[in-house]
Amino acid sequence: MDGAQRTRVSLLGCVALFLGAVNAFSPTDSEFTFLLPAASKECFYQSAVQNGSVEIEYQVIAGAGMDVDFSIVSPQGIHLVSEFRRSDGVHMVEPTEAGDYQICFDNSFSRFSEKMVFFEVILDSPANDAGADDEWAGLGEPESLLEYKLEDIKESMETVHRRLERSRQMQTVLRAFEARDRNLLEDNLWRVSFWSCVNLLVMLSVALTQVYTVRRLFDDRRRVFYTH
């Protein structure tokens with residue numbers, strides 16, 4: 001096998017390894033949007049492994065007040081995070097314990113208004129990084145005329161993938177912000193239109209009342225009798 005063929009084989013091996021490494025480096029990402037009824041509480045459970053990390057981000061995108069109570073409870077029953085009457089938040093739990101984490105949203109303080117809540121859970125496991133390192137180690141040092149070191153390629157791929165993943169997460173968050181702003185705008189538009197109509201009706205009523213009152217002042221219905 002000549003140098004060009006070895007270079008082609010090495011590049012193909014790097015490409016195949018990159019496709020496998022992307023899956024290994026990818027954290028578990030889940031998104032959910034739900035309707036939280038008035039005077040109620042909803043809890044979700046996320047399984048985690050030992051010495052991993054869990055990032056939770058939430059936003060209230062619709063509903064009067066745009067706020068909820070939020071809490072995170074560890075598998076041992078310890079309250080890690082407790083927030084009250086918040087519209088959004090971002091929390092990181094690191095390192096994690098093995099077990100199920102409880103993520104709760106509470107709308108008990110609101111008796112009449114339901115809320116629409118968006119939240120995202122990013123779960124990162126150390127097993128992913130270990131598996132990726134084993135795959136890179138198994139490849140060995142490539143015989144390439146381009147004189148790229150395998151460690152440099154690995155670092156560049158990891159950096160690009162992390163940035164792409166972060167960009168995707170930011171786009172998801174921005175979409176949630178956009179949905180919340182749109183709902184708030186529509187709600188404000190309805191309120192402005194309603195009170196504008198009320199003010200218009202009041203002004204018309206006052207105008208008609210004034211016209212009627214003025215006409216009554218000049219409308220003398222008394223009859224004058226002359227005696228001859």
Side-chain angles (χ1 to χ4, degrees), residues 26-48 53-74 79-93 100-124 163-217:
S26 298
T28 303
D29 186 1
S30 57
E31 306 165 5
F32 191 50
T33 302
F34 69 100
L35 194 62
L36 182 61
S40 65
K41 181 179 180 179
E42 294 285 348
C43 292
F44 303 86
Y45 295 88
Q46 174 62 58
S47 300
S53 66
V54 175
E55 182 179 355
I56 303 169
E57 181 169 359
Y58 71 94
Q59 294 179 26
V60 183
I61 60 179
M66 308 284 285
D67 54 358
V68 294
D69 295 341
F70 175 77
S71 63
I72 301 176
V73 182
S74 70
H79 282 74
L80 303 178
V81 177
S82 294
E83 293 184 335
F84 305 96
R85 308 294 292 268
R86 294 288 301 273
S87 61
D88 57 75
V90 181
H91 301 281
M92 172 75 76
V93 179
D100 295 332
Y101 282 82
Q102 186 177 2
I103 306 169
C104 294
F105 300 89
D106 193 353
N107 193 31
S108 300
F109 59 85
S110 179
R111 296 183 177 274
F112 304 103
S113 177
E114 60 186 11
K115 310 292 175 61
M116 183 175 293
V117 182
F118 162 84
F119 73 97
E120 181 181 22
V121 179
I122 303 173
L123 180 65
D124 194 7
R163 292 178 177 176
L164 290 175
E165 187 67 21
R166 189 58 183 172
S167 298
R168 188 187 64 81
Q169 295 169 7
M170 289 301 299
Q171 290 176 353
T172 302
V173 172
L174 291 176
R175 284 198 301 269
F177 272 116
E178 181 184 0
R180 184 181 68 176
D181 293 341
R182 183 173 61 252
N183 291 329
L184 184 61
L185 178 62
E186 292 176 353
D187 186 55
N188 290 337
L189 178 61
W190 183 87
R191 292 183 181 182
V192 171
S193 300
F194 173 77
W195 287 111
S196 297
C197 293
V198 171
N199 290 332
L200 180 60
L201 292 176
V202 171
M203 292 175 62
L204 290 176
S205 301
V206 171
L208 293 175
T209 303
Q210 289 178 347
V211 171
Y212 177 76
T213 304
V214 172
R215 287 177 62 89
R216 288 295 301 271
L217 290 176

For this session: Among Ile72, Ile103, Val54, find the one that has a side-chain contact (heavy atoms from CB on, under 4.5 Å) with His91.
Result: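 Only match with His91 under side-chain contact (heavy atoms from CB on, under 4.5 Å): Ile72.
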Smallest separation among heavy atoms of [X] and [Y], with atom names:
X: Lys115; Y: Gly63; result: CD-CA, 3.9 Å
X: Asn107; Y: Pro37; result: ND2-O, 3.2 Å
X: Leu123; Y: Ala48; result: CD1-CB, 4.1 Å
X: Ala64; Y: Ser113; result: N-OG, 3.0 Å

Exercise. Excluding sequence neighbours, so at least two apart, what forms ring pair (Phe, Tyr, Trp, His ring centres under 6.0 Å) with Phe105?
Worked result: Phe34, Tyr58, Phe70, Phe119
Exercise. Could you give all pairs that pass the salt bridge (charged side-chain N to carboxylate O under 4.0 Å, His left out) test and reach residues 188-204, with sequence neighbours left out?
Worked result: Asp187-Arg191
Partner residues of [X] under the side chain to side chain donor-acceptor pair (under 3.5 Å) criterion, sequence neighbours left out:
X: Ser108; value: Asp106
X: His79; value: none
X: Asp88; value: Arg180

Exercise. Of all residues at least two apart in sequence or in a different chain, which pass the salt bridge (Lys or Arg N to Asp or Glu O under 4.0 Å) check with Glu83?
Worked result: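 With neighbours one apart ignored, the set is Arg86.
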Seminar exercise, completed: Those residues at least two apart in sequence (or on a different chain) that pass salt bridge (Lys or Arg N to Asp or Glu O under 4.0 Å) with Glu55 are Arg166
For this session: Could you list all the ring-ring contact (aromatic ring centres under 6.0 Å, His included) pairs where at least one residue sits in residues 193-214, not counting sequence neighbours?
Result: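 Passing the test, one end in residues 193-214: Trp190-Phe194.
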Exercise. Counting N and O atoms only, with roles assigned by atom type, does the side chain of Asp69 sit under 3.5 Å from a partner on the main chain of Arg85, one being a donor and the other an acceptor?
Worked result: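 Yes: the side chain of Asp69 pairs with the backbone of Arg85.
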Could you work out, with side chain to side chain contact (heavy atoms under 4.5 Å, CB included) as the rule, every residue matching [X], not counting sequence neighbours?
X: Thr33; result: Ile61, Met116, Phe118
X: Ser74; result: Gln76, Ile78, Leu80, Tyr101
X: Leu164; result: Val160

For this session: Provide the full list of side-chain hydrogen bond (donor to acceptor under 3.5 Å, both in side chains) pairs with a residue in residues 199-209, sequence neighbours left out, each pair given once.
Result: none
Exercise. Are any of the side-chain heavy atoms of Phe32 and Val121 separated by less than 4.5 Å?
Worked result: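 Sidechains of Val121 and Phe32: no contact.
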Exercise. To the nearest 0.5 Å, how far apart are OG in Ser40 and CD in Glu114?
Worked result: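 Here the interatomic distance stands at 9.0 Å.
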Problem set entry | Short side-chain donor-acceptor distance under 3.5 Å, Asp100 and Ser47 |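 Yes, because at least one side-chain N or O of Ser47 sits under 3.5 Å from a partner of the opposite role on Asp100.
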